[in-house]
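What follows is a set of notes on a single structure, which appears directly below.
Values in this document were obtained by computation on a predicted structure and should not be read as measured data.
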Amino acid sequence: MADKIVQTAGKTALGEFSPEFAHYNDDILFGENWNNQDIDVKTRSIITVVALMSSGITDSSLKFHLENAKNHGVTQKEIAAVIAHTAFYAGWPKGWAVFNLAKEIWEVGEDDLKYADPEMRSHAKSMLFPIGAPNSGFAQYFSGNSYLAPVSASQIDIFNVTFEPGCRNNWHTHHANKGGGQILICVAGRGYYQEWGTNAVEMNPGDCINISTGVKHWHGAAPNSWFSHLAVEVPGENRSNEWQEPVTDEIYKKLK
């Protein structure tokens, strides 16, 4: 699930002059319509660009929506194809006008990541750290596909771990004679962390979980969202990881 879209431009510009219009703009158009989940926000961004271009609107409002499209995963090649296609139907001069705006926002080939899945590509663009390679070495301990990107291999081991929607690792426990444990920092998407015998905790970007040694737990993506967290391995003596049983569908399907 994408982050909730919040808009305040109406109240900022027209809150005193026309509070009713500001309410419709911020609370209805963006607060309700843009947060509707029947179509994904990337598709909604493209539709909005096409609608404004077709109407001949090429001012700051279109530039805002071009930037919004980029922020939701539209690549330079994709926006170029969208504008060119629309120009055949809406008018060639409009195409020229919108291309001039788009060139201010995208560089040629910018962020044209090679992931076939558009949601995976959008997720990769939403964070600073790479998704990395398939986590094949630990695949037997995961339900679903995960990916691993080393961030630091000296002093303290830090990895960016990415889970596809619905993917989670097995229950497991970190052990150490002294010190040890793990720190999780969510960097993109939405996921869950759960300790044995407690309720699951939702994780969103910026959330941090401190895991002590001896605590049985699991972590992974929400059912409908990609999820990435940094895994910081806390130094300790004789550290080990005990992998245990998979998280059952009965437990996982209770999460939203």
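- Ile47 belongs to a hydrophobic cluster whose remaining members, ordered by chain and number, are Ile39; membership requires side-chain heavy atoms of ILVMFWY residues under 4.5 Å apart, directly or through intermediates.
- For Glu245, the salt bridge (Lys or Arg N to Asp or Glu O under 4.0 Å) partners two or more places apart in sequence, or in a different chain, are Lys216.
- In this structure, the side chain of His23 does not engage the main chain of Phe21 through any donor-acceptor pair within 3.5 Å.
- Aromatic ring centres of His65 and His72 lie farther apart than the 6.0 Å criterion allows.
- Closest of all the heavy-atom pairs between Cys186 and Pro205 is SG-N, 3.3 Å.
- Remark: the backbone N or O of Glu119 is not paired with any side-chain donor or acceptor of Ser122 at under 3.5 angstrom.
- Under a 4.5 Å side-chain heavy-atom cut-off, the cluster of Ile, Leu, Val, Met, Phe, Trp and Tyr residues that includes Tyr252 is completed by Trp171, Tyr192, Trp196, Trp218, Val247, Ile251, Leu255.
- In this structure a side-chain-to-backbone donor-acceptor pair under 3.5 Å is present from Ser225 to Arg190.
- Separation of the His229 and Tyr193 ring centroids does not fall under the 6.0 Å cut-off.
- Looking at Asn204 and Glu202, their side chains do bring a donor and an acceptor atom within 3.5 Å of each other.
- Listed by first then second residue, pairs satisfying salt bridge (Lys or Arg N to Asp or Glu O under 4.0 Å) with a partner in residues 160-177 read Arg168-Asp249, not counting sequence neighbours.
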Contacts table for residues 128-140: side-chain donor-acceptor under 3.5 angstrom, sequence neighbours left out:
from: Asn135; atom 1: ND2; to: Ser146; atom 2: OG; distance (Å): 3.2

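- With sequence neighbours excluded, no residue satisfies salt bridge (Lys or Arg N to Asp or Glu O under 4.0 Å) with Lys103.
- Residues Thr75 and Arg121 come closest through the heavy atom pair CG2-NE, 4.1 Å.
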Do any side-chain atoms of residues 230-243 form donor-acceptor pairs under 3.5 angstrom with protein atoms, and if so which ones, sequence neighbours left out?
from: Glu233; atom 1: OE2; to: Gln182; atom 2: NE2; distance (Å): 2.7
from: Asn241; atom 1: OD1; to: His174; atom 2: ND1; distance (Å): 3.2
from: Glu242; atom 1: OE1; to: His175; atom 2: NE2; distance (Å): 2.8

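- The list of salt bridge (Lys or Arg N to Asp or Glu O under 4.0 Å) pairs with a residue in residues 54-64, not counting sequence neighbours, reads Lys63-Glu104.
- Under the salt bridge (Lys or Arg N to Asp or Glu O under 4.0 Å) criterion, Glu20 pairs with no residue, sequence neighbours left out.
- Not counting sequence neighbours, Asn25 has no partner by the side-chain hydrogen bond (donor to acceptor under 3.5 Å, both in side chains) test.
- No donor-acceptor pair closer than 3.5 Å links the side chain of Asn169 to the backbone N or O of Tyr141.
- For Asp40, the salt bridge (Lys or Arg N to Asp or Glu O under 4.0 Å) criterion is met by no residue, not counting sequence neighbours.
- Put simply, the side chain of Gln37 gets close to the backbone of Asn35: a donor and an acceptor are under 3.5 Å apart.
- A salt bridge links Asp27 and Lys11; the closest N-O separation between the charged side-chain nitrogens and carboxylate oxygens is under 4.0 Å.
- Between the side chain of His217 and the backbone N or O of His172, at least one donor-acceptor pair lies under 3.5 Å.
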Name each donor-acceptor pair under 3.5 Å that joins a side chain in residues 86-94 to protein atoms two or more places apart or in another chain, with its distance.
from: Thr86; atom 1: OG1; to: Val82; atom 2: O; distance (Å): 2.8
from: Lys94; atom 1: NZ; to: Ser54; atom 2: O; distance (Å): 2.8
from: Lys94; atom 1: NZ; to: Ala90; atom 2: O; distance (Å): 3.4

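- A donor-acceptor pair is defined here as one N or O able to donate and one able to accept, closer than 3.5 Å; such a pair exists between the side chain of Ser152 and the backbone of Ser154.
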